[in-house]
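Data block below; observations after.
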Amino acid sequence: MGLADRPLRLLQKRAGIGGMAAFFLAPNMLIFGVFVLLPIIINLIYSMTGGSALFLSERSFVGTDQYAKLFDCKSYLDPMSCQEDAFWTAVGNTFWFVVLQVTLLILFSLITALILNRELMARSFWRAVFFFPVLLSPVVVGLIWKWILQRQGLLNFALYPMGFEPYTWLSDRTFAFAAAVGVSIWAHMGFYTLILLAGLQAIPKDLYEAAEMDGTKPARIFWRITLPLLMPNLLVVVVLALIRAVQVFDEVFVLTGGGPGTSTLFLTQYIYETGFVSQPRNAGLAAAASILMGLVLVVLTLVQLGIGRKNENKGKR
Amino acid sequence: GDVRIMWYSDGIEGEVFQDLVNRFMKENPGINVIVDNVAYSVIKEQLPVQLEAGNGPDIARVTAIKDLAKHWLDLRPLVADAKYWDENFGANADWMRPDGSNQISGFMTQLTLTGGFANKTLFEQANVPLPGPKATWDEWAAAAKKVAQSQQIPYPMAMDRSGHRITGPAISNGANYIGKDGKPAPLDAGAKGFLGKFVDWSKDGTMSKDVWVSAAGQSYRAAADDFINGQVAFYYAGSWQVPNFAKKIGTNFDWVATGSPCGPAACTGLPGGAALVAVKYTKNAKEVAKVMDYLARKDIVKEFSERTLFLPAHKGVIAEGVNFKTDSALVKEALNTFVNATKTTSDLANKMPGWRWSDTMYGAVVTRTAQAVAGEMSKEDAFTRIDSDVAEKVKASSL
Amino acid sequence: MSAAIRFLTRRKGGKGWHWTDIVTWVWLIGGLFIMFGPAVWLAFSSFKTPQGLAEFPPSILPYVTQQVKVEGYEKPLMLYNAKMPDGSTRVLAEVRRIGIVSQMVDPKAPGEVIKVNIGDRQPVREVFFATENYTQPFMQFDFFRYLWNSVFVTVTATLITLIVNSMAAFALSKYEFKGRNLAMLTILATLMVPLSVILVPLYSIISTVGLFNSLWGVILPTVATPTGVFILRQYMLTIPDELIDAARMDKASEWQIYWRIIVPLTAPALAVLAIFSVVWRWNDFLWPLIVLSRRELYTLQVGLSIYAGELNVQWHYILAMTVVTMIPVVVVFIFLQRFITTGIAGSGLK
Amino acid sequence: MGSITLTNIQKSYGAVHVLHDINLAINEGEFIVFVGPSGCGKSTLLRVIAGLEKVTGGELSINGERVNDVSAADRGLAMVFQSYALYPHMTVRQNLAFGLENAGMPKAEITQRIGEAARMLEIEQYMDRRPGQLSGGQRQRVAIGRAIVRRPTAFLLDEPLSNLDAELRVSTRAEIAALHARLRSTMIYVTHDQVEAMTLANRIVVMRAGRIEQVGTPLDLYNQPANRFVAGFIGAPHMNFIEGALESSNGTHMLRTAQGDVLHLPQSVAPGAPITVGLRPQHISLSNDQSGFAAQVQLVEALGSETVIHASAFGTKLLAIVPGQRRISTGDTIYLSYANAPLHLFDQSGLRIATVQTEDGHSPTFV
Amino acid sequence: MGSITLTNIQKSYGAVHVLHDINLAINEGEFIVFVGPSGCGKSTLLRVIAGLEKVTGGELSINGERVNDVSAADRGLAMVFQSYALYPHMTVRQNLAFGLENAGMPKAEITQRIGEAARMLEIEQYMDRRPGQLSGGQRQRVAIGRAIVRRPTAFLLDEPLSNLDAELRVSTRAEIAALHARLRSTMIYVTHDQVEAMTLANRIVVMRAGRIEQVGTPLDLYNQPANRFVAGFIGAPHMNFIEGALESSNGTHMLRTAQGDVLHLPQSVAPGAPITVGLRPQHISLSNDQSGFAAQVQLVEALGSETVIHASAFGTKLLAIVPGQRRISTGDTIYLSYANAPLHLFDQSGLRIATVQTEDGHSPTFV
Ligand SMILES: Nc1ncnc2c1ncn2[C@@H]1O[C@H](COP(=O)(O)OP(=O)(O)OP(=O)(O)O)[C@@H](O)[C@H]1O
Ligand SMILES: Nc1ncnc2c1ncn2[C@@H]1O[C@H](COP(=O)(O)OP(=O)(O)OP(=O)(O)O)[C@@H](O)[C@H]1O
Ligand SMILES: O=P(O)(O)OC[C@H](O)CO
Ligand SMILES: [Mg+2]
Ligand SMILES: [Mg+2]
């Protein structure tokens, strides 16, 4: 990298410091533009086409028909009154899932990160323990928990000696929903914990010392020192957790498949089935649903960043 | 040159196939056949995308053979003996070619047929005789309930969560999905009759409800594990489960294949299977044909079936009889039951695999029936929704 | 030893157990069971036979029924604990079963055939590790080629991700320029659409630029991950700007500021991203599946997916291969997580 | 190389105006010291010169060239930050080498220069430690070292010795003076230490609330402060100020305070105006006899070599510094004299009118 | 409340031994100042007392109770950090209020205490700024304020005035003294400023390389330093040291340096031993006639109120401080005298033998 310096110095002479910002941004933005942004734009176009052909060139333009179809409801309060009742069921399920999962996920990750940030014996072992599920592919995650929770699973086996009859947990609407929330927390907690852990390490130690000298109780240190200074990283966690919760799919799909009935049918599964599984495929409708989902997320994220920006300035020394 | 085959496996067939391919390469040193083993999801979801883009392998083992028919290569001018193909594979040739053509696209590597399995040991322990070959669904239900009650098992009967599975009994009950114009017809009394009965059975505990509620939409779910663990007296699945049961049940209990129970209209199961087809976009059609010719050879088909415990689709081979390579009497008997059951398959059932809208029907049926089973909607609502879902699909696809 | 105990029981402050100490240990022990328990079970399960996997009630350890060779019988026979009519139990070998009656012999005195009702016999079981779950796939597929492909994809993609993302994050956190917020927002906005949704458009781009059936086709679309930019940028916001000032005074070029100051100070976040990237790329499945249709290009995940058929999934192989493929990432994790704490003691400022 | 010209420099942070219209020409090789009360804008001005802050108005040139838009890295200056700003992830050695490596200097020379600086700053034993493992003074020395090794056209030093002990401060101060003599590079130095300012500076710039109050040589500022602020700021402890009105009677001139006390002055000063007389504590002496004026002792600070007496007289607090150690206690009445002391006269707006020298205790004459 | 006892305190960072066997008893209400060269362990000792560092040996008690295992938060002390350690996300007001809120103090009292501290430290206009928007000195004042508002049993202040200007430093120093007088809480204060040490301390603790060299009242240390190190460290600029051997001839006693120069001494001191004579720069005066000894001027530093002369004599460098401004230049030969000066005699190992007072330039007598 030392070699890179000479030409880059010349570049800097020409481009100035502002130009260097562009230089730093360029590689990422280039790859990003081609492989992330462009497909999303194409997807937007998809949402305005119809038919069962896969490639855009063979599809007919239908304007906002697909959106109209999604919004074709007699009453927006009752999903069953909608043309695409599954979409609205999924919207409702996803909403509750996000509320529950994000709250608990962040709570648990934060607690875990705080604990792993303490002076512990065998700290890397404990970190590995909590990070472990992240290493598993979603399919395996779904599978493990299915094997635990299904009628012939480990849970019933464990409860059996205590006099409980085997229960089909995953056929219970409430429990299945809770399991979907729980398993997705289980699977992703390590991810957020790690981000928060790095953030905690970045808080200067002398501030904790000052707080201790100020006679601060641990709980107050947490609320008044740790949390505000963790804000930039906490923001990452909140935004990512939210986005991923809205997009929940793989592990829950393996675990409950959206059941029992449609009680754990989430948006991504709806999109996936509409666009890929059902015959004939309806890629246009799926694209429209995904665009709507994206729009909601953009709004939510903007709100969070708005809140975050305030704190960001606070964080500066 | 290279000939690439995209192949998926449910069991050991990949190894057997590779074996046969190796032998081919020894005989034909100029042709390099590469078998790309893939997950079934690749065949189902990615292959169509590749094909639309004009990519794809030279040969593929596929199940959505009708939907993708426009991508298959016509082997008729390329194979050594087209007549041999027509004679032996003619019965299923229509499933894999564009409507109205006489194209030879490939052949079925495996024929499947839906059908029932009974846990013989449970029946014996309950002292309930196994219903005979002509027994109806109701008779099976009654017998299975008795067994379940006496043996304290949770489910008398179970059926895979699949539109394909439930359609066989529906046809036996007089259902016909295919309208006069070849497009889907609204559900008729026969269909509503069996679907309704199925919902009722699920609700009153005759049928295992768990499999059907264990997913939303059209996901496939098998109830095989319950059967393997002796939790079900009668299980409606299909011929492909035979090797699976052989391996996993072992000597835990005795089981038999029962064929499909009867309804007023028929005693039919639903056929299906996987086909090996050549892809139009190949660069070495000649060599592809040579490979296909080899794989379709009677002795090769026979060996493949015998070793994989699959039902063959080759007329000559069936006629000659297959000596399945297994030392389990149960398996042999079960396979023979399925071979025999092919004879009672109704015409309507035989048409389904070659009908363009069958998957659309299956999807709507399974989605909505499952919702009715889960108690999310009434039977009547489910029927209405099935009709409207299908109509909507038909409309949307013609845009 | 006493040092170890002191270390183990080291607590905040030092005197007595603070409530946070109790919470900590409850949480850790609970975590050990809930987070790690299933994984241990998974590891044991990967040694079960297909039959063992389907069995209810499930066992923790892999068991099979014990078999013995009995004189006069060609094949080994299964051993059972059979309840005798007099209430005693004997270990017998089953010869065959007819209906609900099992014909058994005493392995030591195989002459006499004893008839037992099948409800009265329990199999004698022993722990058995079905290592063929591991050996079989190794023989069937080209493990080392898949491994190489996986390693190549993972290492390359991770390196590019780290460099490209950290450069972008640097620009987005430490420079003021027009369109900075827009760039950040665009990057974030693209997180909103899951990969599975844009598969088809992405596929058409990949095949247009000729990356179909190329490992680069797997690598490139993933390296500009918005997640990475976001994580790094937020972390960089916590680095004091004064250090950059100092470097500028030290005549450092912007590139050197990035490379010599920002990158080392971002080490904890980079380690986190590196861990994530390795895990993501190593476990990537859906996308490689689409781009790679030739077996010489398969990654491990794609390779092991062939056990997922239409009607049957061969879980025993999938589990075994899952365990095998997990080992490298665990090692990488253990190695990289140390960098999370190389956190800098003090910020270098007064 | 190293002349710096500031023309109408302004700097605001949002609504907070930190620098107002700064005009200053610094000559090549000059040693300039900025002093002023905490928060008056010294660091900000230094950062502006460094190129780390964009000015909101005015023009900055180095060697005659406008550099407003030249980046900090390209101005060729070196800086010691008030907050040190050491690279926390680098060892002391790496911290020192960084700037040299950036300039592409050969390894051998880097090693040699670092060695020299380390010896001079007495940090040789800490070369492989990270900043986090150093004491405050050690960190500050590293920060100085980082600038020194660079040998730039101009040095910017922001309170570089504040955390050093007296001994080290003296020796480092001497080293900096020697460095300046040797390299002849321009130095701009911020300090709160009077001794540093007086001994190092060619010229001192006194700032106050974002404005320059006076620029001049140390003794100029000491002897002829332009205004009351500068007079109070230069010299420690600060100058005593006695307020009153001028009176003349019988050829003697005096200042009459509000309390009616009288202070004798030379003749020349125009009578009638209310003025302030400044008298440095060092210029007040203890009378052994009862000559001089009486004062009430409020606090005595014994510094060993000298004694600081806080007393009250002329209706105000008065500081006097007398050499050696004295047996005086709080509450004592003592007699002080200002014979031979320069008196600084300021008008009502604080501007200097004149500096006059008293000859003996009661009859001052002109200087 | 507020007595602190250190018994055999030791502290190492790995292999680096920072504190060796520190023994010190601090009385309730005492004002203790730690001085010592940069890096000698002052901050570390303060941190040990605060409870921020675990000792590696020894015992620490506060008010007679062993507190080795009591957490910092529970020791009831307040600290001003050398690095400030202000909470960057809080405004000045919040920084000040934080500790009080922790103690659950009523709002009104918090407001009042903060108001007081802010007034005293002159930071009222910055109350709603964050630390990042303050100058160095302003930050330091906030750090002091944060400790002051707490009114703890004991204060630990680590170079609390280093970034303040002279004026403010004097007034803040006075405020701290007043605070101490009012609250009577123990104060432990680290400083490099001689004036601060001399004026504030009840007792000064002189440290060197992790050990205590001497503990005593300011004037004790100044007048009777226990060893050469303390003698050199207390008093600025540092004491002059002249080495040589004692000789007696004809009833006069003298020190003969290696160069053969001769320094007259009182009779009492035992002859023959090589010793060092210490002479403070303030005790050397300029002879107007050619009496005294001749010295070569090497550097002249004009501080305004006094002039520092760097000269060479007796084969060594000699510093002399003379009041006022003098017309002396480098290279001049001047005559210096040490009449009436205390001479400090140290033996070869640096320990103090005696302090003797010269009567006139050449004939010293006993004190
Ligand atoms: N973490 C550490 N590891 C090793 N040595 C350290 C560490 N922290 C401090 N030291 C060393 O301990 C010694 C004492 O440091 P301390 O901060 O107490 O000095 P100090 O007397 O306060 O000096 P100053 O006046 O410069 O602030 C120093 O030499 C320092 O280099
Ligand atoms: N980001 C900012 N926003 C608003 N005001 C600021 C900001 N940074 C500095 N200031 C103010 O600008 C003024 C000048 O600050 P500067 O740091 O230049 O002072 P200084 O003369 O160096 O003081 P010190 O001697 O205390 O270091 C101060 O009053 C400070 O509060
Ligand atoms: O879209 P991102 O940034 O969450 O990327 C995550 C990984 O690519 C998932 O495999
Ligand atoms: Mg400053
Ligand atoms: Mg210190």
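So that the names make sense, note that chain A is the first sequence line, chain B the second, and so on, each numbered from 1.
At a 4.5 Å heavy-atom cutoff, Glu122(E) makes no contact with chain D through either its backbone or its side chain. Of the atoms belonging to Ser43(D), not a single heavy atom falls under 4.5 Å from chain E. Heavy atoms of Ser135(D) lying under 4.5 Å from chain E belong exclusively to its side chain. Both the backbone and the side chain of Pro37(E) come within contact range of chain D, judged by heavy atoms closer than 4.5 Å. For a residue to count as touching a neighbouring chain, one of its non-hydrogen atoms must lie under 4.5 Å from one of that chain's; by this rule Arg47(E) does not touch chain D. Neither the backbone nor the side chain of Asp193(E) comes within less than 4.5 Å of any heavy atom in chain D. Contacts of Val308(E) with chain D are absent, with no heavy-atom separation under 4.5 Å from either backbone or side chain. Heavy-atom distances place no part of Val35(D) under 4.5 Å from chain E, backbone and side chain included.
Identified by a heavy-atom distance below 4.5 Å to chain E, the contributing residues of residues 194-208 of chain D are Gln194(D), Val195(D), Met198(D), Thr199(D), in residue-number order.
The backbone N or O of Gln298(D) sits nowhere less than 3.5 Å from a side-chain atom of Ser312(D) that would complete a donor-acceptor pair. Between the side chain of Ser12(E) and the main chain of Ala15(E), no donor-acceptor pair closer than 3.5 Å is present. In this structure a side-chain-to-backbone donor-acceptor pair under 3.5 Å is present from Asn223(D) to Leu219(D). Side-chain N or O atoms of Asn240(D) include one that pairs as donor or acceptor with a backbone N or O of Leu319(D) at under 3.5 Å. A donor-acceptor pair is defined here as one N or O able to donate and one able to accept, closer than 3.5 Å; such a pair exists between the side chain of Tyr222(E) and the backbone of Ser305(D).
Ranked by heavy-atom pairs under 4.5 Å with chain D, the first of Leu161(E), Val16(E), Leu299(E), Ile234(E) is Val16(E). Residue with the most contacts toward chain D among Leu168(E), Leu164(E), Val300(E): Leu164(E) (heavy-atom pairs, distance under 4.5 Å). Contact tally against chain E (heavy-atom pairs below 4.5 Å) for Arg141(D), Glu306(D), His310(D): the top residue is Arg141(D). Put simply, of Gln282(D), Lys42(D), Gln325(D), Glu167(D), the one with the most heavy-atom pairs under 4.5 Å next to chain E is Gln325(D).
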**Request:** Just do the side chain to side chain donor-acceptor pair (under 3.5 Å) check on Ser38(D) and Gln138(E) with the steps written out, would you?
**Result:** CA-CA 7 Å; Ser38(D) 169; Gln138(E) 287 159 351; 5.1 Å; no

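Between Phe31(E) and Tyr189(E), the ring centre distance stays below 6.0 Å.
Listed by chain and number, the residues in a side-chain contact (heavy atoms from CB on, under 4.5 Å) with Val170(D) are Arg173(D) (sequence neighbours excluded). Listed by chain and number, the residues in a side-chain contact (heavy atoms from CB on, under 4.5 Å) with Ala226(E) are Gln214(E) (sequence neighbours excluded).
For residues 226-239 of chain E, the pairs satisfying salt bridge (Lys or Arg N to Asp or Glu O under 4.0 Å) are Arg228(E)-Glu243(E), with sequence neighbours left out.
Tyr126(D) does not carry Arg139(D) over the face of its six-membered ring by the limits of under 6.0 Å from the centre and within 45° of the normal.
The closest side-chain heavy-atom distance from Phe81(E) to Gln140(E) is not below 4.5 Å.
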